[in-house]
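Encoded as structure tokens, the structure appears first; notes follow it.
For the numbers below, each heavy atom of this structure counts, side chains included, while hydrogens, waters and symmetry mates do not. No experiment lies behind these values; they were computed from the predicted model shown. Below, chains carry the letters A, B, ... as their sequence lines are ordered, and counting in each starts from 1.
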Amino acid sequence: MKLEQVGFNRYRLPRQGKMRVSGLVYASPALLEHVRGDNSLQQLAHAAQLPGVVEPVLGMPDIHEGFGLPIGGVMAVSEEGVISAGAVGMDINCGVRLLRTELSADSFDRPLLRKLMTEVEALVPTGVGKKGLHRGITARIFEEVVYQGATAVVKAGFGCPEDIERIEENGCLPGADLAEVSREAIKRGSEQLGTLGGGNHFIELQRVDKVFDPEVAERFGLFEGQLTVMIHTGSRGFGHQICTDYSKGHIPAAPRYGIELPSKGLACAPIDSAEGRSYYAAMACAVNYAFANRQIITADIRQAFVQVLGLRLEDIGLQVVYDVAHNIAKWEEHGGRRLLVHRKGATRALPPGHPANPPVYRGTGHPALVPGSMGTASYVLVGTDLAAESFFSVNHGAGRTLSRSAAERSITKEEFEASMGEILYNTRNFRDVVDEAPQAYKDIEEVVDTLVEIGLTRKIARMMPMAVIKGKD
DNA sequence: ATGTGC
């Protein structure tokens, strides 16, 4: 693909072939070879062919090839345009929540960290296909969950109302309709609420090792040396089934509206069509489910800490700093226009003062949460006014550099163990985690710096992992 | 990502 440098760390993907608009890709010189190393630019060009797409389609510095839109892609569409399940992703509202504590990380030795990991694992099922431990309650409130999101589980006793004001969209996307969700998805979803999943999903005990902006960090409740907990999970089999159902269903739907599909992965329907409205309503169910999932896991983590530490919750802390979606399509106002912004492996990052910030973060901009790999740092960022050019979006992580199978082929046990250093992890079998090895990911520092150097985002704090809980059989 | 290949 033809790519033109248009500034420091910025590249234009000019209109070529059937592209309706151009693309804009952020990459440092070192990341550029990764960007060119797979089909992600081709996939971005395909997205630029869809009806109603708004200039530009974007590639974040963590971009890599995915199903339909590349992971690390942003596609905004006007009201006359299309909605695409493949441009949201398989794991609808895969996202990250950060919890703060009142505790110094340095007072946690390895045996105590191990105890905490064991207790968290006892309360939060991890691994593919696992069923939740609160099935009695969650089956009963399942319908409320898909319509009300995190609020439904707070009402059921998981967490407190203050948590809700620190979740993107207050933990609930309007417009959900369970009638648009298949029985299969409902079955899988009602069993899996309150579970972590596998792959890149994790619960991490972290230490804030650097504060870059003390004033904003204080507003976020963060300080150097602090123990934090990060949760990365999504809508489990529920969102996966919804994505599968609609990306298949929209393949025959698209031509009925005269849409030429550039790829099956970008199957889509007009937003204002029966098929498009159905997907949006089903997607909103999964978005709300994922917010509720992270809310239940938060309550479980609080319980684990109280049990292990023998302290009162108010002395531990574990308040929500923020909760962001990484895979979502949302109606937002940009430049006076109402757009459906598809973010797939991208994080909304609003600047200080933006009216769409939650009231508690109106003055600072909300925290944008960006996890690294299991052996490297995670970041708390905020957006700047310049991020208007990316529809107020930043990267969502480090981004893969090796596919899961390539990681299994090329990374040795010794290399993996060396890269983890002193960091504790729950998986005993190297084969179970090799696809998540730090070597399979880009350098998070390079990825974040790419956007910071442009001025699209600012660093607020950096956390280093102390103990990582991953999906386990 | 995923009751992990159609």
Side-chain angles (χ1 to χ4, degrees), chain A residues 38 40 43 62-73 84-97 125-132 135 181-203 231-249 251-252 264-265 267 282-283 285-287 289-291 293-294 297 324-329 342-347 371 373-374 396-400 402-409 427 429 431-437 440-441 469-473:
Chain A
D38 62 19
S40 50
Q43 293 184 322
D62 53 339
I63 192 170
H64 59 101
E65 193 176 333
F67 166 75
L69 194 69
I71 294 150
S84 170
V88 171
M90 282 292 190
D91 189 2
I92 298 166
N93 192 5
C94 186
V96 173
R97 176 179 291 213
T126 74
V128 174
K130 288 289 161 58
K131 295 177 181 178
R135 285 210 291 292
V181 177
S182 69
R183 301 187 76 87
E184 198 68 1
I186 292 170
K187 182 182 181 297
R188 291 175 71 177
S190 55
E191 290 174 348
Q192 293 181 346
L193 198 53
T195 64
L196 185 69
N200 63 2
H201 291 165
F202 64 76
I203 295 168
I231 304 163
H232 181 203
T233 186
S235 51
R236 311 288 291 100
F238 187 55
H240 186 275
Q241 188 66 49
I242 290 170
C243 179
T244 306
D245 292 341
Y246 279 94
S247 51
K248 278 182 189 160
I251 292 171
K264 283 185 183 177
M283 178 202 67
C285 288
V287 166
Y289 178 99
F291 283 134
N293 195 33
R294 293 193 286 274
I297 291 172
V324 295
H326 283 166
N327 285 7
I328 198 167
H342 298 68
R343 292 192 184 87
K344 182 180 184 183
T347 317
S373 74
M374 68 189 292
H396 84 307
R400 280 196 166 276
L402 295 177
S403 69
R404 295 189 186 280
S405 56
E408 279 163 27
R409 280 194 304 273
T427 38
N429 190 347
R431 285 279 139 214
D432 294 342
V433 276
V434 60
D435 58 336
E436 285 297 315
Y441 284 86
I469 296 169
K470 281 282 200 180
K472 205 171 66 170
D473 288 330

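Here A:Gly89 lies out of heavy-atom contact (under 4.0 Å) with every strand. Across all strands, A:Glu191 comes closer than 4.0 Å to no nucleic acid atom at all (heavy-atom distances).
The CG atom of A:Asp245 sits 16 Å away from the P atom of B:dT2 (whole-angstrom rounding). The distance from atom CG of A:Asn293 to atom C1' of B:dT2 is 14 Å, rounded to the nearest whole Å. A:Lys472 places its NZ atom 21 Å from the P atom of B:dT4, with the value rounded to the nearest Å. Between the CD atom of A:Glu184 and the P atom of B:dT2 there is a distance of 16 Å, given to the nearest Å. Atom P of nucleotide B:dT2 and atom CE of A:Met90 are separated by 11 Å, given to the nearest angstrom. Protein atom CZ of A:Arg404 is 13 Å distant from nucleotide atom P of B:dG5, rounded to whole Å. Atom pair A:Gln192:CD and B:dT4:P shows a separation of 11 Å (rounding to whole Å applied). Following rounding to the nearest Å, A:Phe67 (CZ) and B:dG5 (P) show an atom-to-atom distance of 15 Å.
Scored by the side chain to side chain contact (heavy atoms under 4.5 Å, CB included) test, A:Ala286 finds A:Ile92, A:Ser235, A:Phe238, A:Ile242 as partners (sequence neighbours excluded). Judged as a ring pair (Phe, Tyr, Trp, His ring centres under 6.0 Å), and not counting sequence neighbours, the contacts of A:Phe202 are A:His232. Judged as a side chain to side chain contact (heavy atoms under 4.5 Å, CB included), and not counting sequence neighbours, the contacts of A:Gln241 are A:Ser182, A:Glu184, A:Ala185, A:Arg188, A:Asp245. Every residue two or more places apart in sequence or in another chain was checked for a side chain to side chain contact (heavy atoms under 4.5 Å, CB included) with A:Arg183, and none qualifies. Checked against side chain to side chain contact (heavy atoms under 4.5 Å, CB included), A:Thr244 has the following partners two or more places apart in sequence or in another chain: A:Met90, A:His240, A:Lys248.
The stretch residues 234-244 of chain A comes close to DNA chain B through A:Arg236, A:Gly237, A:His240, A:Gln241, each having a heavy atom under 4.0 Å from the strand.
A donor-acceptor contact shorter than 3.5 Å is absent between the side chain of A:Thr195 and the backbone of A:Lys131.
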